[in-house]
2 protein chains.
Amino acid sequence: MEYTEGESDPGTTRPGGRTARVRAAVLSAAADVLAEQGFAHLDLADIARRAEVGKTTVYRRWGTATGLVTDLLLDMAQQSVPRTETGSLLGDLTANARLVQRTLADPRQGALFKAVIAAAGSDPKAAEALYGFYTARVEEWAPCVEQAAARGEVPGGTDAREVIRATSAPLYYRLLTTALPLDEAAADRAAHAAAAAAAAGAYVRKAGT
Amino acid sequence: MEYTEGESDPGTTRPGGRTARVRAAVLSAAADVLAEQGFAHLDLADIARRAEVGKTTVYRRWGTATGLVTDLLLDMAQQSVPRTETGSLLGDLTANARLVQRTLADPRQGALFKAVIAAAGSDPKAAEALYGFYTARVEEWAPCVEQAAARGEVPGGTDAREVIRATSAPLYYRLLTTALPLDEAAADRAAHAAAAAAAAGAYVRKAGT
DNA sequence: TCCATAACGGGACTCCAGTTCCATTAACTC
DNA sequence: GAGTTAATGGAACTGGAGTCCCGTTATGGA
């Protein structure tokens, strides 16, 4: 690797026109490859060919496969779907679980998540981007648990973020470690389980945590 | 790749002595690299150097990085820890969750799991090995939920396998998508949540599933 | 203990991902 | 709309991953 952060990254001073088109073409080509073949087959020279873009440009702007995947995640993070409020914890968690399920079940987006998770295993920057992404998502949804606490649906002292994570966790587990279908029933089950566990006080913060 | 399945794989006819030593050295070197640098930095030529083994041998027997990681998983699968029985669902699930937690928190084993999950995203054989591994583990632990059902701790019709998966899921989610510590408290929380959700009937099979 | 051959290992070779250099193109500024 | 220079892209280059060939080693069976 040679195109490290010298002065300012390319694409930051004149981000419009051609630069934006190149970025869009490269990200799109990368997403195609991920969906078709997975992260291991992501090589920058091939991406450049598919995107009909100079190989030099791809190496200069993204450097490595993990860098490209990281940018892809940041790009996806832009389109954040706003949280819905249904009036009950189960309803809110179900909405969240179904959103996650639809995202992961989508071939392109699901493949992207697998790729970022794979990349995060070796690349600290990818890991940081991934953690940041989930922190933001969890933070976005945590209030629904706090509202549920105010309504008396869950005990006081319940760790709201942990409840949100517990809702997503079974879906990721399915995606990554099983061949089982990631359907709406799985989402509803995850939401139901998280709501029941929260109501039973499983996520009440203990002293010293 | 060229060393595809021709007739019989090397190492099958004379698996003793040198062949076994080579395998042990290569797997050990691979585990070192995984723990130190992650899956992306796993390259077979480097492994051969570290293991002080001919490069040709490594390519001939494992072919690719994903093949090597798959073999590493199969090797680990040999040492299966027997299930313990505590007499209560919460006790059994806690035992399971702590076992998973200790495994994932261990640098070498945790890195291996990350690597296999990464490999499974691109390589069908790795995916198959991974799915098989978890199927076996889930099958091993499922009886404890059935016993709980017999004792009346959970409703009849509860999907035992799903309860076991629900116990592990939050731990994998933590490992892969957050920077949060994977400690015993996380394991206990996962077990508690799964037990509570199961008792509340969250894993009762619906009609048509 | 001896033999047939499975498995290993060194070395030369190939090919392409990743780099470097520089000419060309086209954003943004005034 | 003219000039500055950020950003792109072609072309030549290079290092090392992955392959191939063949001689050497030592396993497992008789």
Side-chain angles (χ1 to χ4, degrees), chain A residues 1-30 33-34 37-71 119 122-123, chain B residues 1-30 33-34 37-71 119 122-123:
Chain A
M1 195 186 320
E2 197 56 33
Y3 298 112
T4 40
E5 341 265 289
E7 284 121 39
S8 63
D9 298 309
T12 53
T13 312
R14 290 177 183 176
R18 180 169 59 169
T19 296
R21 280 197 302 281
V22 165
R23 185 174 121 119
V26 169
L27 292 187
S28 171
V33 172
L34 285 184
Q37 308 187 281
F39 181 59
H41 298 281
L42 196 62
D43 103 271
L44 302 210
D46 179 49
I47 295 295
R49 278 188 293 272
R50 287 180 178 237
E52 296 180 40
V53 155
K55 187 169 63 157
T56 314
T57 301
V58 177
Y59 281 103
R60 187 164 32 215
R61 287 188 58 186
W62 289 278
T64 62
T66 61
L68 185 48
V69 162
T70 302
D71 195 25
S122 320
D123 184 64
Chain B
M1 200 183 318
E2 196 58 35
Y3 299 111
T4 39
E5 340 267 288
E7 286 122 41
S8 64
D9 297 310
T12 52
T13 311
R14 291 179 185 173
R18 182 168 61 169
T19 297
R21 279 197 302 280
V22 165
R23 185 172 118 114
V26 168
L27 292 187
S28 170
V33 173
L34 285 184
Q37 310 187 281
F39 181 61
H41 298 282
L42 196 62
D43 102 89
L44 301 210
D46 179 47
I47 295 294
R49 277 189 293 273
R50 288 180 177 237
E52 297 179 42
V53 154
K55 188 169 62 156
T56 313
T57 302
V58 177
Y59 281 102
R60 186 165 32 217
R61 288 189 58 185
W62 289 279
T64 63
T66 60
L68 186 47
V69 164
T70 303
D71 195 24
S122 317
D123 184 64

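This structure is a prediction, so every number in the text was calculated from the model and none was measured. Both backbone and side-chain heavy atoms feed into the values below; hydrogens, waters and symmetry mates do not. Proteins get letters first, then strands, A, B, ... in listed order; numbering begins at 1 in each.
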Using 0.5 Å steps for rounding, measure from the CG atom of B/Leu27 to the CD1 atom of B/Ile47. 9.5 Å

Rounded to the nearest angstrom, tell me the gap between atom NE2 in B/His41 and atom P in D/dA17. 13 Å

Minimum-distance pair of heavy atoms, taken over all atoms of A/His41 and A/Gln37: CD2-O, 3.0 Å

The side chain to side chain contact (heavy atoms under 4.5 Å, CB included) partners of A/Arg21 (sequence neighbours excluded) come to A/Arg18

Write down the distance between OH (A/Tyr59) and P (D/dC13), rounded to a whole number of angstrom. 19 Å

Among residues at least two apart in sequence or on other chains, which ones pass salt bridge (charged side-chain N to carboxylate O under 4.0 Å, His left out) with B/Asp71? B/Arg23

Separation of atom CZ in A/Arg21 from atom P in C/dA26, rounded to whole Å: 8 Å

Nearest non-hydrogen partners of A/Gly38 and B/Ser122, listed with the distance: C-OG, 3.7 Å

Computed from five pairs at either end and rounded to 10 degrees, the angle between the axes of the helix from C/dT1-D/dA30 to C/dC30-D/dG1 is 60°

Once you round it to whole Å, what is the distance between P of D/dT27 and CZ of B/Arg23? 17 Å

For nucleotides 28-30 of chain D, which of its nitrogen or oxygen atoms have a protein nitrogen or oxygen under 3.5 Å away, and what is each distance?
{"from": "D/dG28", "atom 1": "OP1", "to": "B/Gly16", "atom 2": "N", "distance (Å)": "2.7"}

Using atom CD1 of A/Ile47 as one end and atom C1' of D/dG9 as the other, report the distance to the nearest whole Å. 17 Å

CG on B/Leu42 to CG on B/Leu34, rounded to 0.5 Å: 5.0 Å

Heavy-atom nearest nucleotide on DNA chain D for B/Asp46 versus B/Thr19: which residue maps closer to 5'? B/Asp46

Measure CH2/B/Trp62 against P/D/dT19 and give the value in whole Å, please. 15 Å

Side-chain heavy atoms of B/Phe39 within contact of B/Thr66, under 4.5 Å: yes

Using whole Å, report how far CG of A/Asp9 lies from P of D/dT8. 12 Å

With B/Ala45, which residues qualify under side chain to side chain contact (heavy atoms under 4.5 Å, CB included), at least two apart? B/Asp43, B/Arg49, B/Lys55, B/Tyr59

Could I get the full list of side chain to side chain contact (heavy atoms under 4.5 Å, CB included) partners for B/Thr57, not counting sequence neighbours? B/Val22, B/Val53, B/Arg60, B/Arg61

Rounded off to whole Å, could you give me the CG-to-P distance for the A/Leu68 and C/dG18 pair? 12 Å

Give each protein N/O atom lying under 3.5 Å from an N/O atom of nucleotides 9-16 of chain C, with the pair distance.
{"from": "C/dG9", "atom 1": "OP2", "to": "B/Gly54", "atom 2": "N", "distance (Å)": "2.9"}
{"from": "C/dG9", "atom 1": "OP2", "to": "B/Thr57", "atom 2": "OG1", "distance (Å)": "3.1"}
{"from": "C/dG9", "atom 1": "N7", "to": "B/Arg60", "atom 2": "NH2", "distance (Å)": "3.2"}
{"from": "C/dG9", "atom 1": "O6", "to": "B/Arg60", "atom 2": "NH1", "distance (Å)": "3.4"}
{"from": "C/dG10", "atom 1": "O6", "to": "B/Thr56", "atom 2": "OG1", "distance (Å)": "2.9"}
{"from": "C/dG11", "atom 1": "O6", "to": "B/Thr56", "atom 2": "OG1", "distance (Å)": "3.4"}

Residue set satisfying salt bridge (charged side-chain N to carboxylate O under 4.0 Å, His left out) with A/Arg50, at least two apart, ordered chain then number -> A/Glu36, A/Asp46

Would you say that B/Thr64 contacts B/Val69 through its side chain, given a criterion of any heavy-atom pair below 4.5 Å between the two side chains? no

